[in-house]
Structure formats: C-alpha cells, structure tokens
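Report on the following structure.
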Amino acid sequence: MATVKKTSREPLKKWRIALYVGAFFLIALIAVLAYNYSFIKGQLEVGTAYGARVACSCHYIGGRDIKDCEKDFEPGMEIIGLDVDGEQKRVTASVPMIESATAEFREGWGCIMLTDEQLERE
C-alpha cells in the first residue's frame, strides 16, 4: 500500500516573510536617505571644508605631517580623506564621489578656501 507524502510549506513561508521584511527595511532605508539627502550633503560640505582648512593650516603653517594633522579632526570625520598638492600648496579634503573642498596656502594670507570657479580656471 502506498502512503501519501505530506510536504511542509513552512520553510517556504518563513523565507517569504523574511524576504518581505528585508525588502521593507531596504525601501525604508532608501526613503530616509532620499528624504535627508540635502541635509547629509550640507553636512558633508561643511565637514570637507573644515577638514581642508584645518589640514592646510596644520600642514603649511604648523609644519606637521598630513597624517598627524588628521588627529585634529572632530569625531565622526573619519570618512574624510586628505590629499596634498605640494607644488601649489593645496590640501583637498573629500568624501569619495560625493563632496570635496580645497584650501590653498598663500603667504601673508594663510590658508584660504578655493571656490569651484577658482579651481576650474587653473
């Protein structure tokens, strides 16, 4: 006599629920980031400008190594990277693919921030 095999659909239901919950949280995260994009972008503009100015002053006025200047950053600025242009005496602080700011050392003036127009002219 043949017996009927009963297959349980419980594992399939659990996977489907997990998929829906994961999709919900992903969509919620994207919505929150999209809603706060202008705030986040503004904070990154301020952070990169601050980082470029402080690092420029530290490096060219204080005479310290650029790696040592990163210690002067505020907590939360770990994502900001620094790049030094020794020929033009510039320091660029950037968050990859999102925001960057450049400060230039000028004798008698100290470190000044450069606008995008000034950078494009050169």
Side-chain angles (χ1 to χ4, degrees):
M1 186 175 202
T3 59
V4 177
K5 261 185 165 176
K6 289 187 178 182
T7 58
S8 174
R9 298 188 52 84
E10 282 300 316
L12 184 60
K13 273 186 175 178
K14 288 181 182 180
W15 272 103
R16 186 173 291 158
I17 291 171
L19 181 65
Y20 288 145
V21 169
F24 172 77
F25 281 116
L26 181 63
I27 290 170
L29 177 66
I30 291 170
V32 167
L33 289 175
Y35 180 76
N36 290 315
Y37 177 76
S38 62
F39 174 76
I40 293 169
K41 181 106 168 105
Q43 291 296 314
L44 291 176
E45 286 176 10
V46 170
T48 54
Y50 174 83
R53 174 74 165 74
V54 167
C56 179
S57 297
C58 171
H59 185 65
Y60 290 110
I61 297 172
R64 294 166 47 196
D65 184 53
I66 199 70
K67 289 291 181 192
D68 190 45
C69 294
E70 289 179 357
K71 294 177 187 174
D72 295 343
F73 282 5
E74 296 293 322
M77 293 182 64
E78 293 82 14
I79 63 169
I80 296 175
L82 298 174
D83 183 42
V84 178
D85 182 358
E87 289 180 13
Q88 296 182 330
K89 293 188 176 184
R90 291 180 178 174
V91 174
T92 301
S94 63
V95 176
M97 300 186 309
I98 300 175
E99 190 62 44
S100 69
T102 302
E104 180 179 78
F105 175 73
R106 294 186 182 167
E107 199 63 47
W109 291 90
C111 289
I112 60 167
M113 297 303 300
L114 299 178
T115 63
D116 291 336
E117 292 81 23
Q118 289 173 320
L119 291 170
E120 288 174 4
R121 276 189 248 147
E122 297 176 7

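This one's a predicted model, so the numbers in the text were calculated from it and none came from an experiment. One is the number of the first residue; the rest follow in order along the sequence.
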From Gln118 atom CD to Glu120 atom CD, the distance as rounded to the nearest 0.5 Å: 11.0 Å
Residue that, paired with Phe25, satisfies side-chain contact (heavy atoms from CB on, under 4.5 Å) out of Ile27, Val21, Leu29: Val21
Cluster overlap Ile112 with Leu82, hydrophobic side-chain contacts below 4.5 Å: no
Heavy-atom pair of closest approach, residues Cys111 and Ser57: SG-N, 3.3 Å
pair Thr48-Val95: side-chain heavy atoms closer than 4.5 Å: yes
Heavy-atom pair of closest approach, residues Met113 and Arg53: SD-CB, 3.9 Å
Over all atoms of both residues, closest heavy-atom pair of Ala52 and Ala93: N-CB, 3.5 Å
Whether Lys41 side chain and Ile98 backbone form a donor-acceptor pair below 3.5 Å: yes
Separation between CG of Leu114 and CZ of Arg121, rounded to the nearest 0.5 Å: 10.0 Å
Ile80-Leu119 co-clustered via ILVMFWY side chain contacts under 4.5 Å: no
Atom pair CG (Asn36) and CD (Gln43), whose distance is rounded to the nearest 0.5 Å: 10.5 Å
Connected via hydrophobic side-chain network under 4.5 Å: Tyr35 and Leu26: no
Closest non-hydrogen atom pair, His59 against Ile66: ND1-N, 3.7 Å
For the student: nearest non-hydrogen atoms of Asp85 and Tyr60, plus distance: O-OH, 3.4 Å
Shared hydrophobic cluster for Tyr50 and Val84 (ILVMFWY, side-chain gaps under 4.5 Å): yes
Which atom of Thr92 lies closest to which atom of Ser100, heavy atoms considered: CG2-CB, 4.3 Å
Common cluster, Phe24/Ile17, ILVMFWY with side-chain heavy-atom separation under 4.5 Å: yes
Taking only distance into account, with no hydrogens and no angle test, what donor-acceptor pairs under 3.5 Å do side-chain atoms of residues 68-77 form with protein atoms, sequence neighbours excluded?
from: Asp68; atom 1: OD1; to: Lys71; atom 2: NZ; distance (Å): 3.1
from: Asp68; atom 1: OD2; to: Arg64; atom 2: NE; distance (Å): 2.8
from: Asp68; atom 1: OD2; to: Arg64; atom 2: NH2; distance (Å): 3.4
from: Asp72; atom 1: OD1; to: Arg64; atom 2: NH2; distance (Å): 3.3
from: Asp72; atom 1: OD2; to: Arg64; atom 2: NH1; distance (Å): 3.0
from: Asp72; atom 1: OD2; to: Arg64; atom 2: NH2; distance (Å): 3.4

